[in-house]
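Just follow the structure's listing: the first ligand is 1, and inside any ligand the first atom is 1. Remember, it's a predicted structure, so these values are computed and weren't measured experimentally. All values below come from the heavy atoms of this structure, side chains included, with hydrogens, waters and symmetry mates left out.
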Amino acid sequence: MKNFTCVQDIGDLDTALQEAFEIKKERFKYVETGRNKTLMMIFFNSSLRTRLSTQKAALNLGMNVIVLDINQGAWKLETERGVIMDGDKPEHLLEAIPVMGCYCDVIGVRSFARFEDRNYDYEEVILNQFIKYSGRPVFSMEAATRHPLQSFADLITIEEYKKTARPKVVMTWAPHPRALPQAVPNSFAEWMNAADYDFVITHPEGYELDSKFVGNARVEYDQMKAFEGADFVYAKNWAAYTGDNYGKILCTDRAWTVSDRQMAVTNNAYFMHCLPVRRNMIVTDEVIESPQSIVIPEAANREISATVVLKRLIESLG
Ligand code: AN0
Ligand code: CP
């Protein structure tokens, strides 16, 4: 695996899952694989889980780790080519990236959608510049349109908890006070479609995701109807994707907050969320604290997905 940015990069899902479960049983099995290899993690945005779980994954593989928060102590970076740099940004990404590449063997990048220009976000300009100019294998730690380490962890979690071969998985939009990217829902949809579960997406009208990610999923605007018989409920907020509404908040209706009312019509569904989650906006205290809530084991599996991905990237170094 040369880079890891989307579900296609991981190849066969069953093989990847087997590797994940092998590593989960014996976390340090490949502790020699990363000896004298250095992981560099670059954060343009905040993180708790990704930062900690990816670092832990690197330690499982015996790697060294360097972390840089671009907004805390690094020079402010210009990202557009052709700009006359007479403003507040002393350095250009086009020098910074190859320099970062000099000090490491593998690079992880977190760079969220900016919501200024949909094409710019959906072309993954920043992530692709890292791939093009770093000279190193690059993996996404949530880029503008996807969060594959999260989705892989979500898949591992569903495989651990499912009671039928092809469970019904419902991804529901839920309200949030700030405009959030589509990366998590896009990516989750991409992985659920690849896993071939019975996959349903529910959201208010206007919140349609890019059809490339929706794929063969059923879209149901009636949240209660969508929840009927669900085995897994995956909640997430996202801002609008379509047309001039890109990046806008169109709905704040707390009837969409996941509560006992919706969970009651499910097949005793497990509740999932990638975290961080705003309680009583996305989900009630009761649901997230219920025995059916698997948000913590889901977060724990981030270490496992990251270990598989880093191991494969190191192996590709030859
Ligand atoms: C981010 C998002 O929605 O993409 C990160 C989630 C893993 N969430 C927030 O910014 C709150
Ligand atoms: N789920 C997730 O990626 O969390 P962080 O934003 O805290 O890394």
| For atom 10 (O) of ligand 1, the option (of Asn45, Leu180, Thr50) bearing the nearest heavy atom | Leu180
| query | Do ligand 1 and Glu142 have nitrogen or oxygen atoms that lie under 3.5 Å from each other? | reply | yes
| field | Atoms of ligand 1 close to Pro181 [distance to a heavy atom under 4.0 angstrom, numbered from 1] | value | 2 (C), 3 (O), 4 (O)
Kindly list each side-chain donor-acceptor pair under 3.5 angstrom involving residues 90-108, sequence neighbours excluded, with atom names and distances?
{"unit_1": "His92", "atom_1": "ND1", "unit_2": "Leu94", "atom_2": "N", "d": "3.0"}
{"unit_1": "His92", "atom_1": "NE2", "unit_2": "Glu80", "atom_2": "O", "d": "2.8"}
{"unit_1": "Asp105", "atom_1": "OD2", "unit_2": "Thr38", "atom_2": "N", "d": "2.7"}

| message | What I want to check is whether the side chains of Gln18 and Asp14 have a donor and an acceptor closer together than 3.5 Å. | response | no
| Can an N or O of Asn237 be found at a distance shorter than 3.5 Å from an N or O of ligand 1? | no
| Can you list the ligand 1 atoms lying under 4.0 Å from a non-hydrogen atom of Lys236? | 2 (C), 3 (O)
| task | Step through the shown structure and confirm whether more than 12 heavy atoms of other residues, nucleotides or ligands are within 6.0 Å of CG on Asp285. | result | yes
| is_close_aromatic(Phe115, Tyr246), centroid dist under 6.0 Å | yes
| How about Arg261: does its CZ atom have over 12 heavy atoms from other parts shown lying under 6.0 Å from it? | yes
| Sub-4.0 Å atoms of ligand 1 with respect to non-hydrogen atoms of Leu275 | 7 (C)
I'd like a table of the close N/O pairs between ligand 2 and the protein (anything under 3.5 Å), one pair per line with both atom names and the distance.
{"unit_1": "ligand 2", "atom_1": "1 (N)", "unit_2": "Gln150", "atom_2": "OE1", "d": "3.0"}
{"unit_1": "ligand 2", "atom_1": "1 (N)", "unit_2": "Cys274", "atom_2": "O", "d": "3.0"}
{"unit_1": "ligand 2", "atom_1": "1 (N)", "unit_2": "Leu275", "atom_2": "O", "d": "2.8"}
{"unit_1": "ligand 2", "atom_1": "1 (N)", "unit_2": "Arg302", "atom_2": "NH1", "d": "3.4"}
{"unit_1": "ligand 2", "atom_1": "3 (O)", "unit_2": "Thr50", "atom_2": "OG1", "d": "2.9"}
{"unit_1": "ligand 2", "atom_1": "3 (O)", "unit_2": "Arg110", "atom_2": "NH2", "d": "3.1"}
{"unit_1": "ligand 2", "atom_1": "3 (O)", "unit_2": "His147", "atom_2": "NE2", "d": "2.8"}
{"unit_1": "ligand 2", "atom_1": "3 (O)", "unit_2": "Arg302", "atom_2": "NH1", "d": "3.0"}
{"unit_1": "ligand 2", "atom_1": "4 (O)", "unit_2": "Arg49", "atom_2": "NE", "d": "2.8"}
{"unit_1": "ligand 2", "atom_1": "4 (O)", "unit_2": "Leu275", "atom_2": "O", "d": "3.4"}
{"unit_1": "ligand 2", "atom_1": "6 (O)", "unit_2": "Arg110", "atom_2": "NH1", "d": "2.8"}
{"unit_1": "ligand 2", "atom_1": "7 (O)", "unit_2": "Leu48", "atom_2": "N", "d": "2.6"}
{"unit_1": "ligand 2", "atom_1": "7 (O)", "unit_2": "Arg49", "atom_2": "N", "d": "2.9"}
{"unit_1": "ligand 2", "atom_1": "7 (O)", "unit_2": "Arg49", "atom_2": "NE", "d": "3.3"}
{"unit_1": "ligand 2", "atom_1": "7 (O)", "unit_2": "Arg49", "atom_2": "NH2", "d": "3.0"}
{"unit_1": "ligand 2", "atom_1": "8 (O)", "unit_2": "Ser47", "atom_2": "OG", "d": "2.7"}
{"unit_1": "ligand 2", "atom_1": "8 (O)", "unit_2": "Arg49", "atom_2": "N", "d": "3.4"}
{"unit_1": "ligand 2", "atom_1": "8 (O)", "unit_2": "Thr50", "atom_2": "N", "d": "2.8"}
{"unit_1": "ligand 2", "atom_1": "8 (O)", "unit_2": "Thr50", "atom_2": "OG1", "d": "2.6"}
{"unit_1": "ligand 2", "atom_1": "8 (O)", "unit_2": "Arg110", "atom_2": "NH2", "d": "3.3"}

| Pair Phe152 and Phe188, ring centroids less than 6.0 Å apart | no
| Heavy-atom count around Asp244 CG within 6.0 Å, excluding the residue itself: above 12? | no
| With a 4.0 Å cut-off, would you call Arg279 and Glu286 a salt bridge? | no
| Are the ring centres of His203 and Tyr221 closer than 6.0 Å? | yes
| said: Taking only non-hydrogen atoms of Arg278, do any sit less than 4.0 angstrom from ligand 1? | reply: no
